[in-house]
Novice: 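My questions will all concern the structure given below.
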Amino acid sequence: MGLFDGINISASALTAQRLRMDVTSANLANADATRGRLVDGEWEPYRRKMVTMSPKQLDFSSMLSQAKTEASAAGSHGDGVQINRIVEDQTPFRQVYQPDHPDAGDDGFVEMPNVDPLKEMVNMMGATRSYEANITSMNASKNMMLKALEIGRSQ
């Protein structure tokens, strides 16, 4: 494992969690947007978005088989996280009875976005905690490097 690998892994996680927070913020901002995009000439409500991530490294069994050989044991480590894509949640839209709403149908119901503010706040808290944990990890790596430099300087 190289000197800066720990910092690079934390940096990839920070970038991923920042995107997760941005997408969650967009979901919360559009929680009441009845006009998200045009689909077949009709306005569709905003559809909740989610970030999908995966590790940059191979799966566990591949890492284990690499670690069994002496030549690759020193180099078998994770490489951080990568963003696969941002997907739209396909759960059905909420139906709310508001006959005075400009987007209400003939029956008086309005299709509202499939965004649940409670879910989004939990998602935001999880992303924030993960972001904080990765900053702590990055700072620990930095402090270890500084201590190693101090050891070399004192002799």
Side-chain angles (χ1 to χ4, degrees), residues 1-40 42-94 96 103 111-155:
M1 188 168 196
L3 183 63
F4 293 103
D5 286 347
I7 290 177
N8 291 337
I9 290 168
S10 292
S12 74
L14 289 172
T15 303
Q17 295 305 325
R18 175 58 193 246
L19 177 63
R20 192 171 150 209
M21 285 188 270
D22 289 344
V23 168
T24 302
S25 296
N27 288 341
L28 284 169
N30 289 295
D32 293 322
T34 58
R35 295 185 184 195
R37 64 178 177 172
L38 274 174
V39 176
D40 298 329
E42 298 276 330
W43 282 104
E44 182 180 80
Y46 176 83
R47 197 170 280 280
R48 178 178 181 248
K49 293 175 179 46
M50 301 174 294
V51 178
T52 61
M53 300 177 230
S54 65
K56 287 183 183 176
Q57 179 60 15
L58 307 168
D59 61 356
F60 179 75
S61 61
S62 300
M63 288 179 65
L64 185 61
S65 63
Q66 281 183 2
K68 287 180 182 177
T69 63
E70 274 211 47
S72 65
S76 63
H77 57 81
D79 291 328
V81 67
Q82 67 184 6
I83 302 296
N84 293 336
R85 59 192 171 128
I86 298 174
V87 296
E88 290 186 343
D89 187 357
Q90 295 302 315
T91 58
F93 296 117
R94 293 181 294 127
V96 178
D103 292 328
E111 282 190 328
M112 298 298 282
N114 58 353
V115 176
D116 180 3
L118 182 60
K119 270 187 194 175
E120 298 304 320
M121 290 306 297
V122 169
N123 205 5
M124 182 72 80
M125 288 171 59
T128 302
R129 297 286 183 244
S130 181
Y131 195 89
E132 290 169 354
N134 280 289
I135 287 175
T136 301
S137 173
M138 188 178 285
N139 285 334
S141 295
K142 180 185 75 168
N143 288 335
M144 283 188 277
M145 285 186 237
L146 289 172
K147 290 293 181 188
L149 287 173
E150 286 176 16
I151 292 170
R153 190 176 346 151
S154 66
Q155 295 184 14

Novice: Sub-3.5 Å donor-acceptor pair from the side chain of T52 to the main-chain atoms of R85, do we have one?
Specialist: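 Checking the backbone N and O of R85 against the side chain of T52, a donor-acceptor pair under 3.5 Å is found.
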Novice: Between atom CE of M138 and atom CG of N143, what is the distance when rounded to the nearest 0.5 Å?
Specialist: 12.5 Å
Novice: Of N27, T34, N114, which is the lone residue that meets side-chain hydrogen bond (donor to acceptor under 3.5 Å, both in side chains) with Y46?
Specialist: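 When side-chain hydrogen bond (donor to acceptor under 3.5 Å, both in side chains) is applied between Y46 and each of N27, T34, N114, only N27 qualifies.
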Novice: Mind checking the CG-CG spacing from D116 to N123? Nearest 0.5 Å is all I need.
Specialist: 11.0 Å
Novice: Let me confirm one number: the CD-CZ distance from E42 to R35, rounded to the nearest 0.5 Å.
Specialist: 10.5 Å
Novice: Testing the basics here: between F93 and M112, what is the closest heavy-atom pair and its distance to 0.1 Å?
Specialist: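 In terms of heavy atoms, the two residues are closest at CB-O, 3.2 Å.
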Novice: Among residues at least two apart in sequence or on other chains, which ones pass side chain to side chain contact (heavy atoms under 4.5 Å, CB included) with Q90?
Specialist: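 For Q90 the side chain to side chain contact (heavy atoms under 4.5 Å, CB included) partners, ignoring immediate neighbours, are R47, E88.
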Novice: Spell out, as yes or no, whether a donor-acceptor pair under 3.5 Å connects the side chain of N30 to the backbone of A26.
Specialist: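 Yes, N30 side chain to A26 backbone: donor-acceptor pair under 3.5 Å.
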Novice: Just wondering, are more than 12 heavy atoms of other shown residues or ligands nearer than 6.0 Å to CE in M50?
Specialist: yes
Novice: Could you tell me which residues satisfy side chain to side chain contact (heavy atoms under 4.5 Å, CB included) with S54, sequence neighbours excluded, listed by chain and number?
Specialist: Q82, N84
Novice: Spell out, as yes or no, whether a donor-acceptor pair under 3.5 Å connects the side chain of S137 to the backbone of A133.
Specialist: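 It does not hold such a pair.
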Novice: For D89, enumerate each residue passing the salt bridge (charged side-chain N to carboxylate O under 4.0 Å, His left out) test, keeping only those at least two apart in sequence or located in another chain.
Specialist: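 Scan of D89 (salt bridge (charged side-chain N to carboxylate O under 4.0 Å, His left out), adjacent residues dropped) gives R48.
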Novice: Rounded to the nearest 0.5 Å, what's the gap from CG on N134 to CD1 on I7? Could you check?
Specialist: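 Reported to 0.5 Å precision, the distance equals 12.0 Å.
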Novice: Count the heavy atoms belonging to other residues, nucleotides or ligands that lie under 6.0 Å from CZ of R18, then report whether that count exceeds 12.
Specialist: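 Atom CZ in R18 is not crowded, with 12 or fewer foreign heavy atoms closer than 6.0 Å.
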Novice: Would you please test T15 and I83 for side-chain contact (heavy atoms from CB on, under 4.5 Å) and show each step?
Specialist: CA-CA 9 Å; T15 303; I83 302 296; over 6 Å; no
Novice: Please list all pairs passing the salt bridge (Lys or Arg N to Asp or Glu O under 4.0 Å) test where one or both residues lie in residues 123-139, with sequence neighbours left out.
Specialist: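 Only R129-E132 qualify under salt bridge (Lys or Arg N to Asp or Glu O under 4.0 Å).
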Novice: I'd like to check V51 versus D22 (side-chain heavy atoms, cut-off strictly below 4.5 Å). Are they in contact?
Specialist: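 A side-chain contact is absent here, since even the closest heavy-atom pair is not under 4.5 Å.
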Novice: For R20, check salt bridge (charged side-chain N to carboxylate O under 4.0 Å, His left out) against everything at least two apart and list the hits.
Specialist: none
Novice: Grab the two heavy atoms, one from S12 and one from I9, that are nearest each other, plus how far apart they are.
Specialist: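 That closest heavy-atom pairing would be OG-O, 2.8 Å.
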Novice: Using every non-hydrogen atom in the two residues, find where A16 and M53 come nearest and quote the distance to one decimal.
Specialist: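 Nearest heavy atoms, A16 then M53: CB-SD, 3.7 Å.
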Novice: Specify the closest pair of heavy atoms between K56 and V81, including all atoms of both residues, with the distance to one decimal.
Specialist: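 It is CE-O, 3.3 Å.
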Novice: Side chains of M124 and S25: closer than 4.5 Å at any heavy-atom pair?
Specialist: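 The answer is yes, as the side chains (C-beta and beyond) meet within the 4.5 Å cut-off.
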Novice: Where do P113 and A33 come nearest, in terms of heavy atoms and distance?
Specialist: CG-O, 3.2 Å
Novice: Please list, chain by chain and in numerical order, all residues satisfying side chain to side chain contact (heavy atoms under 4.5 Å, CB included) with V122, sequence neighbours excluded.
Specialist: none
Novice: Verify side-chain contact (heavy atoms from CB on, under 4.5 Å) between M21 and T128, making sure each step is shown before the conclusion.
Specialist: CA-CA 7 Å; M21 285 188 270; T128 302; 3.8 Å; yes
